[in-house]
Undergrad: 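This is the structure I want to talk about, given as structure tokens.
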Amino acid sequence: MAELADAVIRIEHLFKEYATDAGPVPVLKDVSVSVASGEFVAVMGPSGSGKSTFMNILGCLDVATTGRYLLDGKDAGTLDGDELARLRNQVIGFVFQGFNLLPRATLEDNVALPLIYRGTPRGERLARAHEMLDKVGLGAYYRSRPNQISGGQQQRVAIARALVTRPRLILADEPTGNLDTATGREIMALFTELNRQDGITIVLVTHEPDIAGHAQRLVRLADGRVIYDGLVEHAQAHHLEKTL
Amino acid sequence: MTAAMLAEAWLAMGANRLRTLLTMLGMVIGVGAVILMLAIGQGTQRQVEASIASMGSNLFIVLSGSTTSGGLRMGSGATPTLTLTDAQAIEELPAVAAVAPSSPGTAQLVYGSNNWSTQVYGTTPAYLAVRDWKLAAGFPFTDSDLRSATRVALLGKTVVDNLFGGEDPVGKTIRIKNSPYVVLGTLAPKGQSLDGRDQDDTVIIPVTTAQRKLFGTQFAGTVRFIMVQAESGEAMPAVEKSMNELLRQRHRIREGTDNDFSVRNLTALANTAAETAQVMSLMLGAIASISLLVGGIGIMNIMLVSVTERTREIGIRMAIGARGEDILLQFLLEAIIISVIGCLIGVGLGVGGALLVSTLSGMAVVITVTSILLAFAVAAAIGIFFGWYPARKAAAMKPIDALRYQ
């Protein structure tokens, strides 16, 4: 478990409800999770278990109904839209299942995009974008466009974009969901490297046990509650097959 | 930051070139129409004002009255009731600046082998002051010419051109109805009058000469009309009243009987013409402004479509740290760039169109810096006004909803 003092993420008794015509529908019910700096956590759970909502709240894209969420020591519940945007820009790097690159922009512009919102000068933006593209092995594609490269390469670009702000935390939502197994493994190797060598905290949602196997720790959600939180090896040995 | 935003806006506009161009076209046509219409309207206005200025200011014209003989009513000026002494009496009235009695007629002019028929004005030296008419060369005739009815003449530019060609007319002798007249000077060109007559097609001679030697008169000393200039615009009603009283008294017109003369306020007529021109100018501008408004609505329409289409992009930008105001600025900049570029092209088109109209039709056009600046200000305002709502809509999206949008 995470030492609380060094927690990047600290969630306490978090509830989330969605208002529908048939009244409020609870999605997360009393979730408490902490993630320490440098951890690699996989979040698993069946469809409707609330893992997407959980990730959205972690990423400050959505806010909890009740409960406390401290990101990098700041209470997300007390921040306004602009402050949340700054937090997303400075602390978090996002990697999505659908890559979410801007189709019209070149790869270097895509990677440099988060720096625009920090007011970084263009020269420095491009230098950092090039550095990150080199790091994910796409040094030859600065001026290509997303539709000119493969899915695996697009996800690498998305990772480069997440890294360009030098975030403490990477949130990855099914990053291998649109990729074949081999490419997925390469992407996971990249995440592992970022976690081990650069010490970046990673929280990754997946429904594939293989992919979750790259993490150190597993958080399993079902019906809006945490039903398992512990080491991946332990879970694989005892629970994984059962709960799939 | 702003430079980066501009680059982004440019990229987004370039992504759908045809649509951007069509949106811009609305602004181009709107601004072009406003510039063109203002140019034509102001040109007409300026022309009317120039004609008015050429007429002279604060002017009355006193015409001898109509008469009825055997049931036939004659027009104004049919009965020669006004005399030179009437004119002298009017000159004594307070607030009257100048008085010019006139006896016009048409005569054939001859110089060398050229001849020309024109309007000959018999009048006094005051006429030049009343009409604010300068001499181009030579000098005017004087009161002593008036007393002795000398045969001297001042020629308008059209007459000079037709009789003399390139020759200098001052000091030369022309023949009017076979009598020799010395040309004392030539008049500065005045151009067209309000009703389109050529004011320069004229010859001015002393009124006494016209009466006694050129045209003759039914009764000695009568004139066709008297031009009266008041000292100021404010004095005009008082002058009109005292002039009426004076002339009724001098002509012994009894209470309850019609005047045998009529007084017309030329300046009031001219002002009406000027106001008409101004209203026309405003109306042209207003009609053109409607097309500018339609162009603005076109921008809003396209921006709304663009915001919806790019919802996912907005979500991505928000996820990686764009604040609401960053998104707002991005879409607002796009709207402003479209309208300002459209405006630039529109100004070019409007100015070109105005010059073309003036070359083809000879219509007077006036392009002022003010109208161009106004068009720019309006275009920028339209960009902001019609871009604001779509941009606001984009900025107000919740990141999670925008990101999930399919």
Side-chain angles (χ1 to χ4, degrees), chain A residues 16 18 52-53 55-63 79-106 109-126 145-146 158 161-165 167 171 173, chain B residues 1-21 302 305-334 337-338 391-406:
Chain A
K16 176 68 180 176
Y18 283 115
S52 288
T53 304
M55 279 300 269
N56 289 335
I57 291 174
L58 281 190
C60 297
L61 294 169
D62 206 349
V63 287
L79 302 178
D80 66 19
D82 283 1
E83 288 166 323
L84 288 175
R86 192 176 307 123
L87 212 55
R88 287 198 292 271
N89 186 259
Q90 293 180 345
V91 181
I92 307 171
F94 284 97
V95 179
F96 303 95
Q97 179 176 6
F99 319 139
N100 279 346
L101 301 175
L102 298 187
R104 292 187 297 265
T106 59
D109 283 340
N110 261 295
V111 173
L113 194 61
L115 297 177
I116 285 183
Y117 299 114
R118 295 187 167 190
T120 311
R122 179 169 169 81
E124 195 187 328
R125 283 205 306 269
L126 287 182
R145 282 168 211 278
R161 183 181 63 190
L163 290 174
V164 80
T165 58
L171 293 178
D173 190 1
Chain B
M1 178 82 176
T2 316
M5 288 285 186
L6 279 172
E8 296 248 336
W10 188 253
L11 198 71
M13 285 163 55
N16 211 328
R17 280 200 198 90
L18 181 63
R19 195 159 83 184
T20 307
L21 284 177
I302 286 303
V305 172
S306 177
V307 165
T308 309
E309 268 185 3
R310 285 153 68 189
T311 300
R312 201 173 170 79
E313 176 194 324
I314 294 166
I316 297 170
R317 288 173 182 277
M318 284 178 160
I320 62 173
R323 292 164 301 166
E325 65 186 74
D326 296 323
I327 303 292
L328 182 84
L329 190 65
Q330 183 189 346
F331 282 93
L332 208 51
L333 268 177
E334 266 183 59
I337 291 175
I338 288 179
R392 189 65 247 169
K393 201 180 149 189
M397 284 181 191
K398 282 197 193 144
I400 186 64
D401 296 336
L403 208 51
R404 275 198 199 133
Y405 185 86
Q406 290 304 321

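Convention: sequence-line order gives letters A, B, ...; per-chain numbering from 1. Only a predicted model underlies this, so the values are computations on that prediction, with no experimental measurement involved. Basis for what follows: all heavy atoms, side chains included, without hydrogens, waters or symmetry-related copies.
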Undergrad: Please look at B:Ala402 and chain A and tell me whether the side chain, the backbone, both or neither of the residue comes under 4.5 angstrom of a heavy atom of that chain.
TA: neither
Undergrad: Does A:Arg118 come within less than 4.0 Å of A:Glu124, counting only side-chain N to carboxylate O?
TA: no
Undergrad: Looking at side-chain heavy atoms only, is the closest gap between B:Glu325 and A:Asp82 below 4.5 Å?
TA: yes
Undergrad: Is it true that atom CZ of A:Arg122 has more than 12 heavy atoms of other residues, nucleotides or ligands lying nearer than 6.0 Å?
TA: no
Undergrad: List the steps, then state whether side chain to side chain contact (heavy atoms under 4.5 Å, CB included) holds for B:Ile316 with A:Arg161.
TA: CA-CA 11 Å; B:Ile316 297 170; A:Arg161 183 181 63 190; 3.6 Å; yes
Undergrad: B:Ala319, B:Gly14, B:Pro399, B:Gly315: which one forms the most heavy-atom pairs within less than 4.5 Å of chain A?
TA: B:Ala319
Undergrad: For B:Phe331, what residues pass the ring-ring contact (aromatic ring centres under 6.0 Å, His included) criterion, not counting sequence neighbours?
TA: none
Undergrad: At what distance, to the nearest 0.5 angstrom, does CD1 of B:Ile327 lie from CZ of B:Arg317?
TA: 6.5 Å
Undergrad: Is chain A contacted by the side chain of B:Arg310, its backbone, both, or neither, given a heavy-atom distance below 4.5 Å?
TA: side chain
Undergrad: Just so I understand: if I count every heavy-atom pair under 4.5 Å between each of A:Leu87, A:Asp62, A:Leu102, A:Leu84 and chain B, which residue has the most?
TA: A:Leu102
Undergrad: Quickly, which of B:Met13, B:Met5, B:Glu8 forms a side-chain contact (heavy atoms from CB on, under 4.5 Å) with B:Glu334? Name it, please.
TA: B:Met13
Undergrad: Answer whether the closest heavy-atom distance between the side chains of B:Arg323 and A:Asn89 falls below 4.5 Å.
TA: no
Undergrad: In residues 90-99 of chain A, which residues are in contact with chain B at a heavy-atom separation under 4.5 Å?
TA: A:Phe94, A:Phe96
